[in-house]
Structures are given as C-alpha cells and as structure tokens.
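Given the structure is predicted, the values throughout are model-derived calculations rather than measurements. Order of appearance sets the numbers: ligands from 1, and atoms from 1 within every ligand. The first residue in the sequence is number 1, and the count goes up from there.
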Amino acid sequence: MILIDPDRIRDLLSYRDGITVMREAMAKLSAGETKQMLRNILPLDHGRMFGVMAGTMGPGGAWGSKLVSVTPERTDPAIPSHQGVVILFDPDTGAPACQAEAGAITAIRTASASAMATDVLARTDARDLAILGTGEQAYHHALAMLEVRDIGEIRLWGRTHENAEKLADRLVAETGIDVLACTSVQQAVVGADIICTVTAAQEPVLPAACVKPGAHINLVGSSFDGPREIDDALVAGSRFFADSRESVLAQGAELRHAIKTGIVDESHLVGEIGEVLLGNVEGRLRDDGITIYNSLGHIVQDIAAAAFIFEKARVGI
Ligand code: NDP
C-alpha cells in the first residue's frame, strides 16, 4: 500500500487538476453513477467531531473511505482543522492500495470544487473576490479562484483581524495580487463579484443587504445542520445550488433554516452543480441574479481526488 503525505499531495494535485477532477466527479454524482453511504459524524468533546464516509466512483472505478477528525478550536495554530486518512482500494484485486492524508485532500478538493462551481455560475466578468474566514480553506479558496476568473483584488475578513493581515501578507507574497485585510464584513463584501464564506461561525456573518446583484457565493463553512453563515433573506434571494441535493436537504443548515421559517420550500434548491454540468438544469439566468453554491463536501470528491493522486504517485510522476 502506498502512503501519501500532505507535501506529496500538494505536489501531485494542483488546483487546475483539482477543478477538472471535481468537474468529472460531480457530473458522475448527478448522473447517478457513484454510490455513497450517508455521512456519519460523531460529536466528540470540546466541539470536535469524527467523520466516517465511504463511497465508490461507480463501475470499474475506485472505492474507499475517509476517516477524519475535525478540531474547530485549536490552541496550536499549526494544527490543521481537518486530519485523517483517505483509503483507496484496488478495483482489480480488492486490496487496499493507497492511504493518503485527508487534511490536504480536503483542503484542495473543497477549494477546487468551489472554483469549479464559480466557473459554472459566476458572471464571466467577475473580478472582485471577498473571502470571509482566514483559515486553511480561506487560503486555498483564494488560490483556487485565481484559476477560473481574472481576479483584480481580494478582500479578506476574519474574526481575528491579525489573522486576516497574516493571510493577506502571505497571499500578496505568493500571488502578487492586491489583497486587503478588512476590518468589517461590509468592507470586504460590498461590491464583491465572488464571495467565499469559509468560517466556522455559528450564526450568520453575511447579511443579504451587503451582497450586490450579480454576485456568486460559495457557501462552504457549515458542513452540518447547525452553524449558519448566511441569513434566510440571502438564501431566499438567490438561485441556490448544492454539491449533493440529498446532503443539503438533510444537513444544509442555511437552506433547512430558511425552509423551517417558511420563507422558501425545498423547491428553492434549483439543483446540483453536476446537473448544471450535465446540461439538465440551467445555471445563472440573469446578470443581476445572485447564485449560491452550497458545499457540504462529499466523499466522491475525496475518492476522485485520491484516485487522481494515487495514479500519479503510482507511475512516479
Ligand atoms: P480553520 O479552523 O483553519 O479556520 C476557521 C476560520 O473561521 C478562522 O478564520 C476563524 O477565525 C473563523 N471562525 C471561527 N469561529 C468563528 C466565529 N464564531 N465567527 C466568525 N469566524 C469564526 O478552518 P478551515 O479553514 O479548515 O475550515 C473553515 C470552515 O469550513 C470550517 O467550519 C470547516 O468545518 C468547513 N469546511 C467545509 C468543507 C466542505 O467541504 N464544505 C471542507 C472543509 C472545511 P479565527 O482566526 O478568529 O479563529
């Protein structure tokens, strides 16, 4: 069995490749080719969680499982929020073939999936990017968005301003793009064409009133029916897409809250991003409409990314 560590994963899986891999994976999911078990999340002490997921890409494709611990509050900032393993099995022999570190895969596949959705749903002239959150996902989302639009400026907001400043410095050094660490959500998002919400906030941080007509939002930070990053009005005022219809109806906190308050019903979920890719559902309808891609994260994204990495590692690229 090949072991693949985070550094090797970062070498083998660029955002550009990740976007292609996510495009194929999400189309397969929506075409009904993949199979997956319902995600299990075990709550632990101190707000931590342990997640267990399993799935297959379909006939002849890879299958496997992800075991991941999530630690939202950490005393040591060097510890990543997501740690674990993705295990792939050999479709020919049935033997375990590869064990890859889950944190790096999760970080790159999530940002790549958001970038793919942005490519599909955002206006083609989108240039101003706002990111709410300053952690691992914020960093990867900033870099992945550069692959799909000609980004002119990035505006960052974080609960801890010092962390926004640190991330801004890092992104400027790595990309040369203008990056502004903002002191308020409003400063970051007013006028933004693309907004990524990648916080561990419990209550909405992004009010509808701040979002400009025509914006695209990647709603990423809440992975289960609890924490919400956006308010009901923003859900209701958007054309709302999911990574997986089943997951978002069962565990998407923002949509479920808006349904519970009666402001929308289940039909507000227009479709899966894969359905748009397959041409079965229309994506953006109007230049001045707001689109939302709700990412809860999906095991087929992990399996597809790990299979891509494994294949490159196996042939020694
Ligand atoms: P990090 O822990 O690295 O960063 C979390 C960020 O959220 C930090 O900027 C932190 O601010 C901020 N934050 C924490 N609590 C609050 C709060 N109450 N209000 C506002 N901001 C807050 O996590 P990641 O970047 O790895 O992940 C970000 C979120 O995305 C998490 O909730 C995670 O579970 C989720 N996620 C979703 C995935 C998906 O597929 N949809 C995949 C992976 C992660 P501060 O600097 O002050 O601590």
query = Are the charged groups of Asp193 and Arg127 less than 4.0 angstrom apart, N to O?
reply = no

request  = Answer with side chain, backbone, both or neither: which part of Leu296 has a heavy atom less than 4.0 angstrom from an atom of ligand 1?
outcome  = backbone

note = Under 4.0 Å between heavy atoms, the region of Val220 that gets near ligand 1 turns out to be both

remark   = Note: heavy atom closest to atom 3 (O) of ligand 1, options Glu136, Arg109, His161, belongs to Glu136

query = Can you list the atoms of ligand 1 that are under 4.0 Å from a heavy atom of Gly221?
reply = 29 (C), 30 (O), 31 (C), 32 (O), 33 (C), 34 (O), 35 (C)

message = Please work out, at 4.0 Å between heavy atoms, whether the side chain, the backbone, both, or neither of Glu203 comes within that distance of ligand 1.
response = neither

key: Region of Ser295 that comes within reach of ligand 1 [heavy atoms, distance under 4.0 Å]   = both

message = Checking the side chain of Gln36 only, and the main-chain atoms of Val300 only, is there a donor and an acceptor separated by less than 3.5 Å?
response = no

remark   = Check: of Gly47, Ser81, Cys196, Pro72, min heavy-atom distance to atom 24 (P) of ligand 1 comes from Ser81

query = Are Arg74 and Asp76 within salt-bridge range, i.e. N to O under 4.0 Å?
reply = no

request  = State yes or no: do Val211 and Met145 share one hydrophobic cluster built from I, L, V, M, F, W and Y residues joined by side-chain heavy-atom distances below 4.5 Å, directly or via other members?
outcome  = no

message = My understanding is that we take every heavy atom of each candidate and find the minimum distance to atom 9 (O) of ligand 1. Doing that for Thr199, Val205, Thr134, which one comes out nearest?
response = Thr134

request  = Return yes when atom CD of Glu282 has more than 12 non-hydrogen atoms of other residues, nucleotides or ligands closer than 6.0 Å, and no otherwise.
outcome  = no

inquiry  = Taking CE in Met1 as the centre, count heavy atoms belonging to other residues, nucleotides or ligands within less than 6.0 Å. Is the count above 12?
reply    = yes

query = What is the nearest protein non-hydrogen atom to atom 28 (C) of ligand 1, stated with its residue, atom name and distance?
reply = Val198 O, 3.4 Å

inquiry  = Can you tell whether the side chains of Glu147 and Arg16 come within less than 4.0 Å, N to carboxylate O?
reply    = yes

query = For atom 42 (C) of ligand 1, what's the nearest protein heavy atom and its distance?
reply = Thr110 OG1, 3.4 Å

task = Could you tell me whether Lys166 and Asp169 have a side-chain N and a carboxylate O separated by less than 4.0 Å?
result = no

query = Under a 4.0 Å N-O cut-off, is there an ion pair linking Arg149 with Asp119?
reply = yes

query = Near Thr106, which atoms of ligand 1 are under 4.0 Å from a heavy atom of that residue?
reply = 42 (C), 43 (C)

ask   = Where the closest heavy atom to atom 1 (P) of ligand 1 is concerned, which of Arg159, Arg74, His82 has it?
value = Arg74

query = For atom 25 (O) of ligand 1, what's the nearest protein heavy atom and its distance?
reply = Gln137 N, 2.8 Å

ask   = How far is atom 17 (C) of ligand 1 from its nearest protein heavy atom, and which residue and atom name does that atom have?
value = Ala201 CA, 3.5 Å

Per atom 4 (O) of ligand 1, closest listed option by heavy atom (Ser114, Ala164, Gly135) = Gly135

ask   = Is any side-chain N of the basic residue among Arg155 and Glu153 closer than 4.0 Å to the acidic one's carboxylate O?
value = yes

task = Say whether Gly133 and ligand 1 are in contact under the criterion: heavy-atom distance to a ligand atom below 4.0 Å.
result = yes

query = Quick one: do Lys28 and Glu24 make a salt bridge, cutoff under 4.0 Å?
reply = no

task = Could you tell me the residue and atom name of the protein heavy atom closest to atom 47 (O) of ligand 1, and the distance to it rounded to 0.1 Å?
result = Thr160 OG1, 2.4 Å

inquiry  = Tell me if the CD atom of Glu266 is crowded by more than 12 foreign heavy atoms within 6.0 Å.
reply    = no

Asn163: numbered ligand 1 atoms lying under 4.0 Å from its heavy atoms = 45 (P), 46 (O)

task = Tell me which protein heavy atom sits closest to atom 12 (C) of ligand 1, plus the residue, atom name and distance to 0.1 Å.
result = Ala200 N, 3.9 Å

